[in-house]
Amino acid sequence: MPTPYGARQRRQGLAAVLVIGLFGGLLYLASGARLEPADFTFNNGTEVSTLDPATVTGVPEGRVLRAIFEGLVVKDPLTLAPEPGMAESWEVSEDGLTYTFHMREDARWSDGHPVTSEDFLYTFERFLNPRTAAYYAYQLWYVRGARAYTKEVDADGAPINDFSTVGIHTEGPGTLVIELEAPTPFFVDLVGFYPLFPVSRRNIESAQERWPDSWEIRWLRPENIVTNGPYRVLHRRVNDRIRLVKNETYWDADNVALGTIDVLAIEQDATMLNVYLTGGADLIDRVNTNVVREMMEREDFTPVPYLGTYFYRVNTTKPPYDDVRVREALSLTIPRAQIAVDIMKMGQVPAYGLVPPGMPGYTSAECRKEDTERARALMVEAGFPGGEGFPAIEIHYNTSEAHAQIAQVIALAWQRDLGIRAKLRNEEWKVYLDTQNTLRFDVSRAAWIGDYVDPNTFSDMFVTGGENNKTGWGHPEYDRLISAAAATVDPVTRLEQLRQAEELLMKELPILPIYFYVTQNVVAPRLGGYYENIQDEHFPKHWYWMDDDELAAKRATYTHGKNLVDPHGPAAGMYSPAEMRRRAQR
Amino acid sequence: MKENADKRWDLGGGDMERLLAEAKASKGESLWNDSLRRLKVNKPAWWSLRFLGLFALMSLLAPLLPLRSPVAVNTASGAQAPALVWGDGEYMADVAIGDGITERNIQDSYWDLSALDQTLVHARVGIFGRWQTGHWLGTDHLGRDLLSRLVWGSRTSILVALAATFCSLLIGVVYGAFSGLAGGRVDNLMMRVVDVLYSIPFIFVVIFLITLIGDYRMLLEEKLGLDREKVFYLVIGAIYWLTMARVVRGQVLSLKNSEFIEASRVLGASTARILFQHIVPNVLSIVVVYLTLTIPSVMLFEAFLSFLGLGIEPPKVSWGTIAVEATSAINPLRLFWWMVVFLAMAMGSALLALNILGDGLRDALDPRMRGKD
Amino acid sequence: MTRFLLRRLLWFAITMFVVMSVSFVLMRSVKGGPFDQDRNVEPAIEQNLKKKYHLDWPMWKQFLHYVGPLNLDERGLFGEGERSGEKKFGGVLAGDFGPSFRYRDYTVNDIIGQSLPISALLGIVAMMWALALGISTGIASALRRGSGLDLAMRLAATGGIALPNFVIAGFLIVCFVFLIPLFPVAGWGSIRTMILPGFCLGLVFAAYISRLTRTGMLEALSQEHIRTAHAKGLSPRTVVMRHALKGGLLPVVSYLGPATAGILTGSLVIERIFFIPGTGSHFVNSAINRDYTLAMGVTILYTVLVYSLNLVVDLIYTLLDPRISLEDG
């Protein structure tokens, strides 16, 4: 049917207007919130799940929380020794059971109110209250009555006990007293752990009043959240960035150098490296093993040992893996050196024990090193000469390139050395966890990162029926040693008990240790106040940009011939006000 | 083409006779012979077909070729650039225990091979002995031979693509043909169901189905003999059938009402004759075209799933998994060019050939083009 | 017209219901929950977590609560209890997609609100690339059918569907970021950041559009009115541009609906590689994280978009081709 010329024209015009309008509108929307480049940008590896200190568990969240909050104590960026934070000083009673913290008087929230012991009392009550659903609540169970307060709940999930049964109380706004169940030498380190960072009661309660149905999300919005650390949150966008700005009300703001920090959420290894190399980020948290050989020659990549162990769990409830001889045979034929040196390549240390090196005063108990002859003999003893009659073993791991590579190398080694059939089975993260929890595997890949610098953070995992045991293994002697260590005050005896426990574990081998972690950070050479350390914890408070002179001085100290790379940052450096004054005086 | 077309509009005098003669000549040829002839004339399509034939043969006979093991790891050497070393005599040196090639060694250096593949491997040993190729195309980060991985990977990829496409074909053709033949309300309803299914984001469904398979893998493997790979085909096939159903239904519908069907009906042809003489060949032609175009997209989909870590499980290898490994090879620090370039060449040429063949087939099988060049 | 829209609306409602129930059931039938971590949680805490997100309810009740419009939470339904301000209404029908489980500081509405404009813009850039490349190569090869140019154009156009886009993206990054530093390597903001990802994303669709244009043009060129136009002595340029192109582009228009849907979900890989905070990555991440609400949210979003885009395409179709009336659809 013919259409009048004008009508057609009108239709086309309408379509054009629609399309142009749509495009313009979107361009406007997307370009709305463009930010100036930050003074410093680091990649966090993924989006944080939340900024509420009580309910976080992950390393990425920790990195942001350490910038915006400050606990009772802070850590020295190099040695990680506890230093005064919100508490100016503290005392421990003779019996090691009572800790008294004296609050810093000039400590302020970002809304200007003082930070008091009441704030910490509120924070700890909220943290332990099962209603808050804090994953890490057990970190405070060293406190008298805390375990019962969290665990004993009514049908509705509310705590049965009153919070007064917990050994935490204030003595005026300046003093906080904490009583423990048993002496805990690492307790001061614990109160500097990010889940125990304080939250502002006013912040939460005013949000509850204003948005009764959505306060749980609202109080954390950048415009509402009140923090007490060196930085505060300015802007957030999911899967993009968190923009932090210097918090001028922070007690030590005079010593904070960087004005703004961007926290990126890049997940793809190749992308984060590209962004770093083009200057879009100044610090990235990991490197793909495929480029490690090249990275190792650069000045910006210096891995150091990290408090983590990569190991395989063995399902000790399933024959033939209930036989310790089989487990030992498997352990004796894992090509650990090949994995550490040829696959990981960053200086990872082959592991023959559970507890990584670097625990002061502790020497790890080790299992036997690789020995194919002995392994074959053990298989003969166990009734599987040359692997005859041995069921195909499945190596279970969560989907990831690196885990797959390691599993393939181990599978080949077991096939070659023990004559058994080895298969691979990868599962996506959540299913993998379920499989582990329900013990439906033969051997399963696992890793553990220490929460604090003490062997106990590793050892107590494998007590009978422990939540993170997941091997079905249990031994009364092991349980006895772990609980004896928990009740011992003398550090030497205590560590010896833990070492005996590890020795037993390495004899029984419900786990097959593979390697100990190293840090993988790539750091702009100009960044100062940054130190690699055993817990891979870094403190934005101390960060600054070196000027050219300081950078040259730093480079002069290199002992190995490392390739110099683009240092990032401003040539004039960027220093804190206090440092600027010091320099001016000089 | 222009010349031919012009004739249609000028039916006066002697032209009419010529047209009739032409019609008579073309009548003698079956649709398929005619199409084949026209396909042969289309040079790019014909070459693509030959290329693909060779390619498929190579994939199928991979165990017969004197390639290195696609899974044998040499981590100490790491990624090696292509080297012009002709080959060496250490057959499967990385995994052999003691001397001699036993059933077990063969199994160990690959994965669970089918009976046919095992026979082929034995034949290979008979022909080439212990000789195997050098790293002609270099090695990947674990020191695995890239040439071998590409050849064995093509096997997996082609198998996935064919099996998945076949699944989609089966469901789609039956559904589409039924819908088209039934017509009316039934047709309307069936097509609406397809529309509804179209609106479900299928990536989402695939992720969940693949996860679900993981949950029940023991059951599936033991009771039904379905391993993850087979379920993988089924799942992809179950998604791609939607388009197939639409295409087939459209063709059936237009054929049902077309003039030449009417004409043969008027001429007294039986329903069966109409169905098999006219409808089936015409529907088949469009199905064949669609197939050649679906296979490449299934291959890319497999690569996409591998990117998400949901694809073929190692140690098995597919082009998708090689492609994912290749992505980390492209970086400004050191370009492992061989890991990307050869894959791109293999994958690109195969998919390109499939697409050209698909286009060629469409042109050749187009009924409107019958009897013309 | 009204009847057509009403019928579409009815089918839309049915589709939505199917999509919601299927994804709801699928999601909850896979193993692992949103709060599973490698460190196991204390039972008392897990109980409270589940309670907070109503995961302790029976499935049907969770579904009803999710769909809405009534807020089944006792506190919401009766407006009493600890938090008297609870809303009486909630759920999808009240426009509330609930809180995200993975990004706990955001609601699903927040996340979609933040990411959708970005995805849409990326999609538009990709579509512009796809149309520009696809239509031009399509026309060129149709006009010179069988020639070397035709073959070259088709080879180029097919290139887009011969390699996975993450491989192509890798090539382009090496070329245009590191060898010739023209574009930033990743991120989102200025127009310059959109060009490379848009191109990578659009390439697949360019290939299809090119093919569709070629076929459509060939068909249109052989039709009567084109012949008439030629016969009337119009310049070939006018014939092609004014007459043939319009008919030739019809199949392209009908492809735009599915293509847009493809771009939405296909942007996942591109978003990851170029670090773009769009919606695409949520399609997969939410499923992998068992972020029930976010997964449902993006699924519903996808369905609504696909449905309304197809509707728009149908409407545009009638604008371009007056012979087609809506009542037929």
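By convention in this document, chain letters (A, B, ...) are assigned in the order of the sequence lines, proteins followed by strands, and residues within each chain are numbered from 1.
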Bottom line for Ile449(A): the part with an atom under 4.5 Å from chain C's heavy atoms is both
d(Tyr135(A) OH, Leu49(C) CG) to nearest 0.5 Å is 5.0 Å
So, the part of Pro181(C) with a heavy atom under 4.5 Å from chain A: the answer is neither
Rounded to the nearest 0.5 angstrom, the CG-CD distance for Asn289(C) and Glu428(A) is 8.5 Å
### Message
Is the shortest side-chain heavy-atom distance between Lys51(C) and Asp156(A) below 4.5 Å?
### Response
yes
When rounded to the nearest 0.5 Å, the distance separating OG of Ser49(A) from CG of Asp291(C) is 11.0 Å
Applying a strict 4.5 Å limit to non-hydrogen atoms, the region of Leu51(A) in contact with chain C is both
Any side-chain heavy-atom pair of Thr107(C) and Ser214(A) under 4.5 Å
no
The interface call for Ala446(A) against chain C, heavy-atom contacts under 4.5 Å, is neither
Whatever's closer than 4.5 Å to a heavy atom in chain C on Arg218(A) counts as neither
Here the pair of heavy atoms bringing Val431(A) nearest to Arg290(C) is CG2-NH2, 3.3 Å
Taking every heavy atom of Asp105(C) against every heavy atom of Leu220(A), the minimum-distance pair comes out as OD1-CD1, 3.2 Å
Of all heavy-atom pairs linking Phe275(C) and Asp240(A), the shortest is CZ-O, 3.2 Å
Turns out that what part of Tyr138(A) lies under 4.5 Å from chain C's heavy atoms comes down to side chain
Rounded to the nearest 0.5 angstrom, the OG1-CG distance for Thr46(A) and Asn285(C) is 8.0 Å
Report yes if the side chains of Tyr103(C) and Asn239(A) come closer than 4.5 Å at any heavy-atom pair, otherwise no.
yes
When the 4.5 angstrom heavy-atom criterion is applied to Asp154(A) and chain C, the contacting part is backbone
Heavy atoms of Lys430(A) and Phe35(C) approach each other most closely as NZ-N, 4.2 Å
In short, Ala44(C) meets Lys151(A) closest at the heavy-atom pair CB-O, 4.0 Å
Correct closest heavy-atom pair for Val238(A) and Gln114(C) would be N-OE1, 2.9 Å
Hey, is the main chain of Gly32(C) close enough, under 3.5 Å, to the side chain of Asp434(A) for a donor-acceptor pair? no
Review point. Are any non-hydrogen side-chain atoms of Glu42(C) and Trp141(A) less than 4.5 angstrom apart?
Key: yes
Problem set entry | Beyond-backbone contact of Val177(C) with Asn274(A), side-chain heavy atoms, under 4.5 angstrom | no
So, the part of Ala281(A) with a heavy atom under 4.5 Å from chain C: the answer is neither
Are the side chains of Trp188(C) and Arg237(A) in touch, meaning some heavy atoms are under 4.5 Å apart? yes
Chain C shares the most heavy-atom pairs under 4.5 Å, among Ala134(A), Ala158(A), Gly280(A), with Ala134(A)
Does any N or O in the side chain of Arg102(C) come within less than 3.5 Å of the main-chain N or O of Glu47(A), such that one atom is a donor and the other an acceptor? yes
Pair Gln47(C), Val153(A) - check side-chain contact (heavy atoms from CB on, under 4.5 Å), show working. CA-CA 10 Å; Gln47(C) 180 193 347; Val153(A) 293; 3.7 Å; yes
Within a reach of under 6.0 Å around CZ of Arg28(C), are more than 12 heavy atoms found that belong to other residues, nucleotides or ligands? yes
Answer key: most heavy-atom pairs under 4.5 Å with chain A among Asp110(C), Ile173(C), Val41(C) is Asp110(C)
Whatever's closer than 4.5 Å to a heavy atom in chain C on Asn398(A) counts as neither
Exercise. Answer yes or no: is there a donor N or O on one side and an acceptor on the other, between the side chain of Arg104(C) and the main chain of Thr55(A), under 3.5 Å?
Key: yes
